[in-house]
Every structure is written in structure tokens, then in C-alpha cells.
Amino acid sequence: MQEKKSLFLSRASLVLCLCQVITALEVPLDPKLLEQLPQPPTITQQSPKNYIVDPRENIVIQCEAKGKPLPSYSWTRNGTHFDIDKDPLVTMKPKSGTLEINIMNGGRAEAYEGEYQCMASNERGIAISNNIVIRQSRAPLWTKEKIEPMVIQHGSPLVLPCRPPKGLPPPIVFWMDNSFQRLPQNERVSQGLNGDLYFSNVQPQDTREFYICYARFNLTQTIHQKQPISLKVLSNSPAGDRRPSLLVPKGPTSNKTVLRGEVLLLECIAEGLPTPEIRWSKEGAELPSNRVFHENFNKTLKIVDVSEADSGKYKCTAKNVLGSTHHIITVIVKAAPYWITEPRNLVLSPGEDGTLICRANGNPSPTVTWLINGVSIELAPTDPSRRVDGDTVIFTNVQERASAVFQCNASNQYGYLLANAFVNVLAERPRILSSQKVYQVIANRAAFLHCPYFGSPIPEIEWFKGMQASVLHGNGYVFHQNGTLEVPVAQKDSSGTYTCVARNKLGTDQKTIELAVKDPTMIIAQPEYRVIQRYGAAFFECKVKHDPSLLPVIIWLKDSGDLPIDERYMVDKERLTIKNVTDVDEGTYTCVANTTLDSVSASAVLTVVDRPNPPSDLELTDHLDKSVQLTWVPGDDNNSPITTFIIEFEDAKHEPGIWHLQHKVSGTQTTATLNLSPYVNYSFRVIAVNEIGRSNPSEPSEHYMTKPAEPDRNPSGVKAIGTEPDNLVITWDSLKGFYSNGPGLEYKVSWRQKDIGDDFVSVIVANVTKHIVSGTPTFVPYEIKVQSLNSIGYAPEPPIVIGHSGEDFPMTAPTNVEVEVINTTLAKVHWDPVPVRTVRGHLQGYKVYYGKSQNRTIKNHHHGDSKALTFSGNRTHGMIPGLQPNTHYSLYIRAVNGKGEGPPSISKYFETPEGIPSAPSMLDIIDPTTDSLSLVWHPPSHPNGILTHYTLRFQSINSTHELGPPIQITIPANESSFILKNLVQGTRYKFYFFAHTAVGPGSVITQEAITAMDEADFLPPAVGAGKESIIATSPRTHSVYTPAYKVRPVLPGIKNITSSDTHATIIWDYEGPDVKFCIEYVDLKIVVVKEEWKKECINDTRNHFVLKGLTPGASYRVRVVDDHNGIVSSEDFQTGPAMASQQVDIATQGWFIGLMCAVALLILVLLIVCFIRRNKGGKYPVKEKEDAHADPEVQPMKEDDGTFGEYSDAEDHKPLKKGSRTPSDRTVKKDDSDDSLVDYGEGVNGQFNEDGSFIGQYSGKKEKEPVEGNESSEAPSPVNAMNSFV
């Protein structure tokens, strides 16, 4: 063991010495080697020994041979040399011995009939072909003969002769009628091997004018026809029944000789009436089942590939009802010569020994003769190295001149065998024939390193491993005689370089081979067994681990074959998916991973399951009055065992088409005894159940009608309830027809007053569900019975049911009604119940009616806004929720039974105390200015008492969203508006507003608003700002200053609107997260009922937008809407007249300057006058200036009718209506102070005309600073100055 281990682990070289004892060289079939070695001729192709040719085609006699040098060819005909050069019709193909005799150009095939033999020769010998006998095909005609019509009696035997002409090869014979239809054949009429037509007995239907025998010669493709035979069958004296006799063969015995390997045909045709049957047997042995065939309706016994074992006696027996006959055929098997040992080519080295063996057998035994180069060996030159010993030629110490081709001929009377075998004496240095340099093998498998070689004498083979020359003798390796080195179990350390060396006395050759040992391919995740429901999806995974240098190819097989070509099969790398599986997808799926060196596979079975197929073959047995036995055959369980059978029945008489559950049995049962009811027309069906689901129902069974019987049950649901004060209505649930148990179903209805002792009063009614008893006392108990009966009898005695006659309205009302007020919204009511005797029915409870009351003297029990509460049962109190505070209520109570409500109780009045008010119904903040906000509100919708005052609490919010400290103001209850003054400009405020009653503060309403931003950056408030200032008379004002606390971002608001005749630029302020805005606007002149708003959306987050396409001189309302359609700010503005823009445009033209000069003096005078008056009078009051100029564009206008409104005086602090101030430059300024001097030109931004005169005091509000390119396109001009006076 230690020695073996060292052999594998060491990298030492190894040497193999092969000692071979071989009697002859084996010449490898290496094309390159064969091209280089000299070789005697060998016949490779020749025509058959018996060659029948078509006389219409050229004759081609094949003869092909190989050898080196290339052989030359010659022919003999009928034993003498055939000189093809002398016959112009005969040619030989180039580099071939094949002859072609040109019959198509005038030659006659029969002239070339004879025996031909081909000889192929080169310097090392002569090879000869078989004797090829050439015969032309013949298709002779029938000899002319006169055929008389045949007349025969019904039942007689008959043979219609065919006797076809002897053709070459023999023809195929068949019988047809004059319509070229094959004649029908059967046990009675059949064709024999010789072509005759045999009738065991003729029948009238055999009468026919034309029975025609045809002979088809396949080689010449011709068909010849015999003269038709007419047959007439007479029935005037029919032949009687008779036992069989043989038509073929004659006599009791016969002999048959057949050659080994051919087909044996034995025939027996018998006549008789009735038609006999033929049976075959072999005496002392069985017929060979794998080679025997019965043909021609058992009349022919056929045995193929006959051997000597088929010799013997064969017996055919013909038998009918009247008897039998038989014939014995003795079969003798002869044999043409056949090979036992065919001589093989012999390659020897000089001085070696060898033998040629030629052994054949036959019956009789063949004679073996030897030829050398086509000449009898006795006539060949003697050679001391050659000796003939019967069927063996022995060679000793051969020399190179002994090379020759030997022919062995084995012959007997049935044929001959001819074989060529050459002896080739070669002297060749060793040659290693392998070209493969690298061998790859999987670890732990055997590695075979091939070293095919050739040399003469036979070389010795040595193997080396690595670069050293250490000799290895045996252990761990297997050395084969053909030079192959085997490593039985290759390991990783077996890899390396191996060298094969071949040596003989003429030289040496060597070959270096690389052995690479690879890791085996393994399937590490095998496909798993799958059970899938039909039409589901199945998948198999196959993960492979392999050597990195090997690339595996994964294929999938189904049942060891290719996957079906179906789009449902999807292969994705290492995964196979099958969609919509059906039964055909069941099977074994195999994953095969192939590399160039190994192959591994793993399989899994797919089982498709489904609901069972429905059972079949339902059968009813053991019919009894109340039972029957049902049997069925289960359907296919579809690979999921059946667990349960559900048996259902149909009552075709009472409920046709409706199936009911009858019984359930185990899935292993196929029979069940079913209990039946009387008077039912039963039909059954069976449903199979497995884990997948239920099968479809089986086909219904036959119908079975049971006999009628008396009912076995009474109706259910018996009730007795009066619908009127003087009746009793008895109802019940009728029996289904299935339970009637017989025809004529009726009901016996019985009743009596309870506890009186009277007998039951009974009545029989038809199949109905109600009976009314009239004239009963009001609401008294009754005992009720309802019993089923039919024409057969009565059901069992039914149970007694208690019911009551009809109810009447309660007679009295509840008394002593008292109310206890719990709180502002809840009261508790108490009452005394009505006496039981006055209820006159089932007391269902008491109903309390309550509602608001304005006058205690009004006796109205049906308040317009009254509500009702029902208290079930015999209650004496209840709670009334949901009342309103500070409200007067009245209530009354009624008793309720099944008939209805009784009289009302005396009304009870009560009052709820005051509560806290609800939130004011509306709070709005309007007319924001830079330092004030106006608040308006509506009182609470539910004051719940008398309002005492309002509380306003508010806080400021700075730009960092911080909330200032709260400021609280008390406002009288009779106020509905409030003005806060001295607020901080551009500041956001949050307001909390709520009302008070004497009980306390109510719910809060909140609102937020922002003061206007003045572009002129007003100075901070005066000293003391932020503290509470004077409280003015109504409306109230308040001045504040507020620090800040953190709050949410400021809502956006419109900051400025700049308009021209057809355009308007909208600018708004916004602090907060990015949102997208839309601008909506509408022409105020076209608003009728609904504002028809137009909408322009902005695709980014900028805070300005230009409206285009506006109407000159029109008033518009514009609002900013966020992307959720929440209105965040709204303003009105007016576009300028179209003329203004035209004047501006005209004023910029050069030709208009001349016109302006014409009026320049007038304008100059007017401006000077204004300047002088200003210097003399100082600053005029604002109102005086406005009254003097009365500019209509700065007068307030009523929004409704467009008329001029009143202008507020100096002490009126109400803001102007929105949109009432439109300056002449068409710029709407928001949130400017109404009495600011800037509006009248006293600010730093006043405008001057060309001569320096101040005109801003008459032009309305000044324009704001330009914003991001929205500068006004109007420059100061005389035209603008004139507009200020218009």
C-alpha cells in the first residue's frame, strides 16, 4: 500500500515496457499511414454474383479496389481474357475497374450475357472478384390458348389456372376483374403460391364473366394479362356437404428442400363444405414463434432465416364439422457454403511467422481451395516460407518478397464463397499515430492516455511522467497492448506531462501528452417532486456546480425524451416552468448538465391533480318501501385520493330540478343503503370529493317512486295572533310536498279558550297556511293545535300552542307624570303605569312626546317640532337627552300595545337652565390697511341664554413665524363689528373670538389676517405703540404692538396690480413652502348670476404674472388660487382706455412734435398759475384739494350701479370700498393709507412736468417702485400733465 501511495504522490517519471506476443501486425486505419504504407490490392466493391440486367439500360459491372500503389484492372469473360479495347461499346471508368456496356447505342444485352471476373493488381499482388453471371431480364407473354367458359354446380371445388410465363426474375401474380379491381379473397377463395385461384366451394356470388390473371415483372416494369376466364355457378343440382380434402399438395406426404438463411414457404389448400380451417404443427417440436408467420388465411406457413434446426416434419390439418384431413411435409435444410473463419489480411515483419485460416461450412461440406494472385497455389512458384495445410496457409520467417494476395474458395453444389486476403511483409520504423496533446478527465475517474502506434517489427512502448526517466513497473497504472496508459482513479496529483516512446530495431518515435484532472460536475439543488393542480404552474430548479474551466450545458428532458414543443414550457437558465399544466404534462422531468468531460442528471416527477371525475353507472337495487341500495363506479381520482362520496336526491314529483343532500359515505365505498320517505319520486346522483375539491355530479340514476303513507310530522311555526279585537288568526308553516307522505294533504285546526274547560273546536282545511276564528273576546288566551293528514291517515298528535285573540287600544293614560331637570340638555321623567286590565293587549312600553312650548295654556298634544322617545316594557321612568339650554318644554306620555297608542297623559311643563353659547356663526376680517383691520361677525346661532359680552383675543406673527403674547379685548354683546387701529404694517395676526352668557364663555371661532404693506416703508409707530389706546365709540378701534411666537407660514396676498389698456401685472407676497398658483379673473360687467372666471396657471413658483388680452376701460376682479383651488387673495382693478396708449405711442413719434408746439403756450400758462397759487396758499387741506379738482377717477363708486358714492370726511375712519380708487396712471395700490400726503403729491415721489411744475397732487396715488422688469412704459409728457386736469 505504501508503494502504491508513493507512486501516485511522487512526481517521478514512469516508464512502461510493453511486451507483446502478436503473430501479425494490425495496421491502424489511419488515413495518413495508409497513404504511406505499400499495400496489396483489396476488392472494396463488386456487382452481385447473379446480376440480372434491364435490357433497356446500359450494363454496369462494378469493380473497385484499393492498394498502394494504385491497382490496375483487367477482366475475364467465360474464363478467357476480355479485351475491352476491341469492343467500342465497352468502357472502363478512370481509376476504377467498373465496366459500362453501352446498350443504349445499339448494343444487345443478350450478346453480353456470361460469366465475368475482375482482377486488381499492383506490384504486391493480384486480387480477384467473384464470378459475376450477367443475364438479361425477360418478361415473356402467355402462350395463346382458347379458354372455354366454365360452368359448375353450387358447392363444388374449383381451381382457376394461371400458369404465368417463366420470366427472369419470376413475376408477381395477382387476379383482377375487368374493372381492374382485385378479386376479394378469404378462407374460401384464395390464390396459391403457383398463381392459381382456388375455391374450396363455389357460391352463386362467384359467377363472373371475367377472372383475369396478371403477371407483373418489376425489373422491366411491365404487366402481362392472361385471357379472361368466365365462370357460371349453377344451383339446380348443388353439391352436398362433405369432409375436407387437399387440393394442394397432393397425397398424404411430400418433401421440401430449402437452403439455410432463405425463406421457407409451406402451403396447404383444402376443399370442402363447409369451408375447412387450416392448422399447422411440427412433429416433435414447437414452431419458432419469433420467425414463423401464417399467411393467406392460414394456408401458408412462412419461416424466415431458416437454419438446420428447422428441418423436420410439418403437418397441416384441414378440418370442418364433417371431418378432417392432413398432409405431412418433410423439410430438408441444405446449405450453401458459409464462413466460420474468413481469412484476414496479414501484415508481417521480415523474419516473422503467421497464418491465413479459411474455414467454411455447408451441407454438403464445401471443398476449400487456395489461389495466390488469382492462380492456383499448386501452380504458383514455390516459396520455402509458405506451407499449405488444408484450410490453413502457414508462413515462417517471411521475407519482403513473400507479399501476395491469397484467395480462398469454398464451394459445394449450392454455391461458393471467395475471399481475398493479402500477406504484406513490411519493414517500417515506429510511428506514433495520435495527434491529441491534451487529455482531460474528471477526478476519481479512469484516465486513458492513448498512444496508437505502428511499426514493423512491432515496437516496444515506454511511458514517462515528468522530465525524469524513472522506470515504473506496474503498480498504480494499467498498460494496454495497444499502447494506452490507464490511470484507474485519476486524482489532482495525476495531472502532468506524460511521454509515450515507441522503439524497434529500425528507430524510435515519441509523443508528449498533457493530463488535466478536473473537478466533477455536481447538481447541488435538484428538482423536487411536484404535485400541481390542473391548470396551475409547475417549476423545477436545477443548480449546478462545475469546474471553472468547464462550461456546462443544461438541458431538460421529459420521460427521457425532448421537451414538448409548447409555448407553455419555458426554460430560463437553471429553471423550468410549465404553465397551465394538464394531464399530458405528467411524467418524469430530468435536468441534464453536460460538459465536454462528464454528464450528471437529476429527475423529479410531476403529478397533476384535480377534482375527481364524476362517478358513473349508478344502479338501484334491493328496492324496499323505505330503503334502496345505490351502487356506482368511481371516476378517475386525478391523482388525489377520493375521501368522500356525497349522495344527493331529487324529488321529481314535488320539487323537480332541486337536489338535496341524502347521505355521505367514505371515499372507499361504492355502495350505500339509503333511507327513503313515502310518496317521493326519487332520483339520485353522486359527487366525489378529494383534497382538491368536488367533482361534477354524476348522471342521475333511474327513478324510484315510494309508496304513500300517513304523514309522520305536523306543521311547524304554529302561531295564534288576533288582527282585530274580535278575531283569532291561526297560522303555520305548511309541510313541503316531500313530507306529505301521500296525496290529499290537509290540516286539522283545533282551538279552545284557555282555562275554561271547553272542548276543542276543530275544522279541516285544505293545504293552506292560515285559518281565522271570528267572534272572540278581546285579548284572551287560546290553546291551538294543527295536525297534518292525507288520504292515508293522520299524523301523530301535535303539541298545544298558546295564542291570544286580537288586541285593542289601551284604555287609560299614565298618571302622576313628573319631570326632573338634570342639566341644560338632559331631563328625567317619571310616571305611574296604566293598570294591566286596561292595556287590552301586550304592553310594548310607553312613548314620551316632548317639544318646545311658548304658552302653558295651549292644550296641543301635537307640537310642530315635537320629538318622541319609546321606553320598552313596563317602565316607569326614562331620560330625555338632547335638550336645548334656556328653553321651555312640554311633554305627555302614552301607553303602547300591539294595536297602537292609548290616550295621552296630562302635559307636563319644564324649563332648561342657561348654558354656554355656541361659537359666533361668522367672523370676517375686511378692509385691511397698513395699520388697521376691521372685524365683522354674526352672533352665535345657539346663544343658549342671554349674551353678556364678546371676548376678542389676538396675537401677532412675525416673519420667523413666532407668536406674540395674546391681547384680549371685551366687546359689548350688542356690537357686530370692531376696528383695530395702530397695528404693525405687513404683520400677520391670529384672532380668537367667542361670546359669553351668565354661565360662562362659549365656543371659539378663529381667523387670521395680515395688515397691508406700504412700499414707502413707514416709520415705526409712535411712542407708546403696542399698548392699549383709546376705546372709541362704535365702531370700536384699538391700537396694538405685538412681539412674536413661532406659527405656520404667512398666507399669500396680492401686493400690487399694474394695468394698461390690455395688460395687467399681478404681484403677490408669499412666505412658505413651494406651491404653484393660478390666476383667475372675470369682467365685472358680464357677471349676471354666476361669475364666469377665466383661469391662467403658472408652471413655476414665481410671485407675479402678466394677464394679456384684456378689454380696455373694463373693470376686472382678480384672485390668486393655489394648486388645490383654495382662494388666497382677491382684488378689483380697471384697465386704461385705449386712447391713452395710442396717445403715448403717438407722442413718441417725430411728426407729433409740431402739433405739441401749437398748444405749448396754453399749457405753460396753466402750469404757472398752479405754481403761483401753491406758493401763496401753502399746503391745502386734502379734502379741499379734492373738492376743487373733483377728479372722477379718484371718486368712490358704488360697486352695484357704478354711481358716485359719498366720500368720507376727516373723522370717518371707514375704509373705502375695494376698487373705488383707480389712479390715472392705471396702477392700483393696495394697503396705502387713505389720508396719506403721498397720495396728494406731498411725498418724495411727486412728479413734475417738463417746465418743473408739480403735478403729482392731481394724479392720484403714486406708482410703486418697479418690480423685476415690470417698469411702466410711460414717460413724463405734456399729455400726462393734461390728463391730470381732465
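FYI, the numbering just counts along the sequence from 1.
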Taking C-beta and beyond as the side chain, do [X] and [Y] meet within less than 4.5 Å on heavy atoms?
X      : Y      : value
Ile303 : Tyr314 : yes
Val398 : Asp353 : no
Lys256 : Thr330 : no
Val501 : Ile461 : no
Val405 : Ile126 : no
Val306 : Asp310 : yes
Leu485 : Phe448 : no
Asn594 : Ile555 : yes

Ignoring hydrogens and angles, tell me if any N or O in the side chain of [X] forms a donor-acceptor pair with the backbone of [Y] under 3.5 Å.
X      : Y      : result
Thr341 : Ile357 : no
Ser349 : Glu352 : no
Asn504 : Glu428 : yes
Asn420 : Ile128 : yes
His224 : Pro140 : yes
Arg291 : Val304 : yes
Arg124 : Asn122 : no
Arg135 : Glu113 : no
Tyr453 : Glu460 : no
Gln436 : Val438 : yes

Lys49, Gln117, Gln62, Met119 screened by side chain to side chain contact (heavy atoms under 4.5 Å, CB included) with Ser129, the one that passes: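 Among Lys49, Gln117, Gln62, Met119, the one meeting side chain to side chain contact (heavy atoms under 4.5 Å, CB included) with Ser129 is Gln117.
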Passing candidate, side chain to side chain contact (heavy atoms under 4.5 Å, CB included) with Leu356, options Ile394, Val423, Thr392: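 Running side chain to side chain contact (heavy atoms under 4.5 Å, CB included) over Ile394, Val423, Thr392 with Leu356 returns exactly one hit, Val423.
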What is the minimum heavy-atom distance between [X] and [Y], and which atoms define it?
X      : Y      : answer
Met92  : Ile84  : CE-CD1, 3.5 Å
Arg260 : Ser307 : CG-CA, 4.4 Å
Leu219 : Ser137 : CD2-CB, 3.3 Å
Val487 : Ser494 : CG1-OG, 4.1 Å
Ile432 : Cys500 : CD1-O, 3.4 Å
Phe217 : Pro165 : CZ-CG, 4.2 Å

Roughly how far, to the nearest 0.5 Å, is [atom2] of [Y] from [atom1] of [X]?
X      : Y      : atom1 : atom2 : answer
Trp370 : Gln407 : CH2   : CD    : 9.5 Å
Leu37  : Leu426 : CG    : CG    : 6.0 Å
Ile372 : Ile377 : CD1   : CD1   : 5.5 Å
Lys68  : Asn424 : NZ    : CG    : 12.0 Å
Cys451 : Asn482 : SG    : CG    : 9.0 Å
Ile134 : Ser47  : CD1   : OG    : 6.5 Å

Which residue pairs pass the ring pair (Phe, Tyr, Trp, His ring centres under 6.0 Å) test when at least one of the two sits in residues 376-434, sequence neighbours left out?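 Of all non-adjacent pairs touching residues 376-434, those that pass ring pair (Phe, Tyr, Trp, His ring centres under 6.0 Å) are Phe395-Phe406.
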Tell me, with the steps shown, if Ile52 and Gln136 meet side-chain contact (heavy atoms from CB on, under 4.5 Å). CA-CA 5 Å; Ile52 301 175; Gln136 78 166 14; over 6 Å; no
Which residues pass the side-chain hydrogen bond (donor to acceptor under 3.5 Å, both in side chains) test with Arg56, not counting sequence neighbours?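 Only Asp54 meet the side-chain hydrogen bond (donor to acceptor under 3.5 Å, both in side chains) criterion with Arg56.
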Counting neighbours of [atom1] on [X] that are heavy atoms of other residues, nucleotides or ligands and sit closer than 6.0 Å, is the number greater than 12?
X      : atom1 : result
Gln221 : CD    : no
Asn255 : CG    : yes
Leu287 : CG    : yes

Residues [X] and [Y]: side-chain donor-acceptor under 3.5 angstrom:
X      : Y      : value
Thr512 : Lys437 : no
Glu64  : Ser96  : yes
Ser434 : His450 : no
Glu115 : Asn78  : no

Could you walk me through whether Asp562 and Leu557 satisfy the side-chain contact (heavy atoms from CB on, under 4.5 Å) test, starting with their C-alpha distance in whole Å, then the side-chain angles of each, then the deciding distance to 0.1 Å, before giving a yes or no? CA-CA 5 Å; Asp562 293 336; Leu557 306 176; 4.2 Å; yes
Disulfide bond (SG atoms under 2.5 Å apart) contacts touching residues 360-437 (sequence neighbours left out):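 Passing the test, one end in residues 360-437: Cys358-Cys408.
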With sequence neighbours left out, which residue pairs that include part of residues 41-128 fulfil the disulfide bond (SG atoms under 2.5 Å apart) condition?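 As it turns out, the disulfide bond (SG atoms under 2.5 Å apart) pairs with a partner in residues 41-128, which skip direct neighbours, are Cys63-Cys118.
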Just do the side-chain contact (heavy atoms from CB on, under 4.5 Å) check on Val441 and Lys518 with the steps written out, would you? CA-CA 6 Å; Val441 69; Lys518 305 292 185 178; over 6 Å; no
Chi angles and distances behind the side-chain contact (heavy atoms from CB on, under 4.5 Å) call for Ser385, Gln399: CA-CA 8 Å; Ser385 65; Gln399 300 301 318; over 6 Å; no
Table please: side-chain donor-acceptor pairs of residues 361-368 below 3.5 Å, with sequence neighbours left out.
| from | atom 1 | to | atom 2 | distance (Å) |
| --- | --- | --- | --- | --- |
| Asn361 | ND2 | Tyr338 | OH | 3.2 |
| Asn363 | ND2 | Val333 | O | 3.2 |

Quick one: do Ser121 and Ser72 satisfy side-chain hydrogen bond (donor to acceptor under 3.5 Å, both in side chains)? Show the steps, please. CA-CA 5 Å; Ser121 60; Ser72 59; 3.2 Å; yes
Evaluate the criterion side-chain hydrogen bond (donor to acceptor under 3.5 Å, both in side chains) for residue pair Asp87 and Tyr112; output intermediate values, then yes/no. CA-CA 11 Å; Asp87 192 336; Tyr112 292 93; 2.7 Å; yes
Sequence neighbours excluded, which residues qualify as side chain to side chain contact (heavy atoms under 4.5 Å, CB included) partners of Asn58?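 With sequence neighbours excluded, Asn58 shows a side chain to side chain contact (heavy atoms under 4.5 Å, CB included) to Glu100, Asn102, Ile103, Met104, given in chain and number order.
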